[in-house]
Amino acid sequence: MNNEPQIPSTKRLLRTLNGEALWPPPVWLMRQAGRFLPEFRAERAKADFLTRCMTPDIATELTLQPIRRFGMDGAILFSDILILPWAMGQSLEFVESKGPLLSPIRSEADFKRLDRQRIADVTAPVLETLGRLNKIFNGTDTVGVAKPGSTTLLGFTGAPFTVACYMVEGKGSRDFATVRKMAFSETALFDRLIALLTETTTEYLSAQITAGAEAVMLFDSWAGLLPPSEFRRYVIEPTRQIVASLKARHPRVRIVGFPRLGGIMVPEYAEKTGVDVVALDTGTDLKKILPLLPPSVGVQGNLDPIAVLAGGEAMKREALYVREAGKGRAHVFNLGHGVLPQTPVEHVQELIRTIREEP
Ligand code: CP3
């Protein structure tokens, strides 16, 4: 069966990813399947995070929850960027209030223990989830939660540098000093890690597309920690390679790249990587950056998640600024980072209404 997206499509998000400027813009939110939803918190009690990612019944349900409630234009697979290193055998645990903990990769010996041959077997349930979701969103499964042909299914991975940050540091960090020092002082080893991640990310995303993802997103959450030379070497170049290989294999697939905190490097990223859409973080002025991006590249973003937490007039003002700034361009309305767990559900409801219905 060929699950790949048909173009032209009736899906507003897919059309925008293909370069059309629609009004109002399509909308989905990073971390839309998350702890701010009471129905998500209820499921959470039943299994740990990795089990939830790896059980198709649960991961399918968690992906659908925000679509049922708010009808976003995009559904992002319920999974995590750290599934890939875990699938290569690195230990991974999600500890309440501490975030992810991994056995850190610091030496040649640690690196050599990573086993890319395991990835296909370990990630098979994720691909099964994508296949089920594709059928639900395209009307070939009867448990549809949205009008068939309206919701675009997004797969994702972390980009190599951001995944390497967690692999080397072994946990979240404010500055990821260990990994950035490794890039400078053990460059050969770090280059091999990035090369491994570039290849395995390509394979994993390609498998996601074959399984039913209609577009994919590369999260490079820590890209902006790097100086320009390393930003080119560890963010732009690996992303360019991944995009080129995916497009060679899946010519119609659309790719969103998120070089978070990339600042003045973002236009170069948009120009050189070949991504169809660049996702912008909260601190970027959408109006000011648009003229600096190639006209063929679309944008996604970038409302401050704190504005959604606050709600009311502040949220409305900021949301309408972002919507207006993207007018006339291929723009996917989204946040500049993920929805915060404390966000009231009604604020998200009101945000979606504002984007779709305010004149
Ligand atoms: O709704 C969605 O956006 C889809 C699912 C998704 C998750 N993580 C689920 C998740 C996506 C796209 C991610 C991406 C991700 N994961 C990133 C890139 C985006 C960003 O936030 O910068 C990063 C850096 C990670 C790594 C990660 N996963 C961290 C640092 C944490 C701990 C912080 C936290 O919010 O708990 C996670 C855990 C995680 N990933 C949760 C969810 C729903 C919470 C786990 C739980 O419910 O117990």
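Heavy-atom basis, side chains included; hydrogens, waters and symmetry copies ignored. Start at 1 and go down the list; that is how both ligands and their atoms are numbered.
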- Between F78 and F49, does a ring pair (Phe, Tyr, Trp, His ring centres under 6.0 Å) hold up when you go through it step by step? CA-CA 10 Å; F78 184 81; F49 181 68; 5.6 Å; yes

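- With a heavy-atom cut-off of 4.0 Å, L77 touches ligand 1 through its backbone alone.
- The protein non-hydrogen atom at the shortest distance from atom 47 (O) of ligand 1 is R44 NE, 2.9 Å.
- Annotation: atom 40 (N) of ligand 1 to nearest protein heavy atom, D80 OD1, 2.7 Å.
- Ionic pairing of R68 and E39 is not present here: no N-O contact between side-chain nitrogen and carboxylate oxygen is shorter than 4.0 angstrom.
- No part of M217 comes within 4.0 Å of ligand 1, judged by heavy-atom distances.
- You'll find the side chain of P305 stays beyond 4.5 Å of the side chain of T343, heavy atoms only.
- Taking all atoms of both residues into account, the shortest heavy-atom contact from T10 to G149 is OG1-O, 2.7 Å.
- Between W222 and ligand 1, no pair of N/O atoms sits closer than 3.5 Å.
- Interface atoms of ligand 1 facing H337, defined by a heavy-atom separation under 4.0 Å, are 20 (C), 21 (O), 22 (O).
- At a 4.0 Å cut-off, at least one heavy atom of S79 sits close enough to ligand 1 to count as contact.
- Using a 4.5 Å heavy-atom cutoff, the side chains of Q90 and S103 are in contact.
- Here the side chains of V27 and R356 are in contact, with some heavy-atom distance below 4.5 Å.
- Under a 4.0 Å N-O distance rule, the pair E230/R180 does not qualify as a salt bridge.
- Atoms of ligand 1 lying under 4.0 Å from at least one heavy atom of F78, given by number and element, are 43 (C).
- The protein heavy-atom contact nearest to atom 3 (O) of ligand 1 is R31 N, 2.7 Å.
- Near I76, the atoms of ligand 1 lying under 4.0 angstrom from a non-hydrogen atom of the residue are 1 (O), 2 (C), 3 (O), 4 (C), 12 (C).
- Taking every heavy atom of P100 and a limit of under 4.0 angstrom, the matching atoms of ligand 1 come to 29 (C), 30 (C), 31 (C), 32 (C).
- For atom 11 (C) of ligand 1, the candidate residues are F36, F156, F49; the nearest heavy-atom contact is made by F156.
- Close N/O approach between A33 and ligand 1 is found [any backbone or side-chain N/O within under 3.5 Å].
- Here the protein heavy atom with the shortest distance to atom 38 (C) of ligand 1 is F94 CE2, 3.4 Å.
- If you check which protein heavy atom lies closest to atom 22 (O) of ligand 1, you get S221 OG, 2.5 Å.
- Rounded to the nearest 0.5 Å, atoms SG (C165) and CZ (F176) are 5.0 Å apart.
- At a threshold of 4.5 Å between non-hydrogen side-chain atoms, the residues L50 and I83 count as touching.
- Looking at atom 35 (O) of ligand 1, its nearest protein heavy atom turns out to be R35 NH2, 2.5 Å.
- At least one side-chain heavy atom of R35 sits under 4.5 Å from a side-chain heavy atom of R44.
- Residue contact annotation: F40 has a non-hydrogen atom under 4.0 Å from ligand 1.
- Residue contacts with ligand 1, taken as heavy atom pairs separated by less than 4.0 Å, involve Y166 solely via side-chain atoms from C-beta onward.
- Neither the backbone nor the side chain of P66 has a heavy atom within less than 4.0 Å of ligand 1.
- In summary, of the residues considered (D191, T162, D220), a side-chain hydrogen bond (donor to acceptor under 3.5 Å, both in side chains) with Y234 occurs for D191 alone.
- Counting heavy atoms from C-beta on, the side chains of K11 and N138 come closer than 4.5 Å.
- Contacts of R52 with ligand 1, taken as heavy-atom pairs under 4.0 Å, involve the side chain alone.
- F70 and L309 are members of different hydrophobic clusters when ILVMFWY side chains are connected at heavy-atom separations under 4.5 Å.
- Put simply, no part of G338 is less than 4.0 Å from ligand 1, judged by heavy atoms.
- Closest to atom 15 (C) of ligand 1, if we only count protein heavy atoms, is I81 CG2, 3.7 Å.
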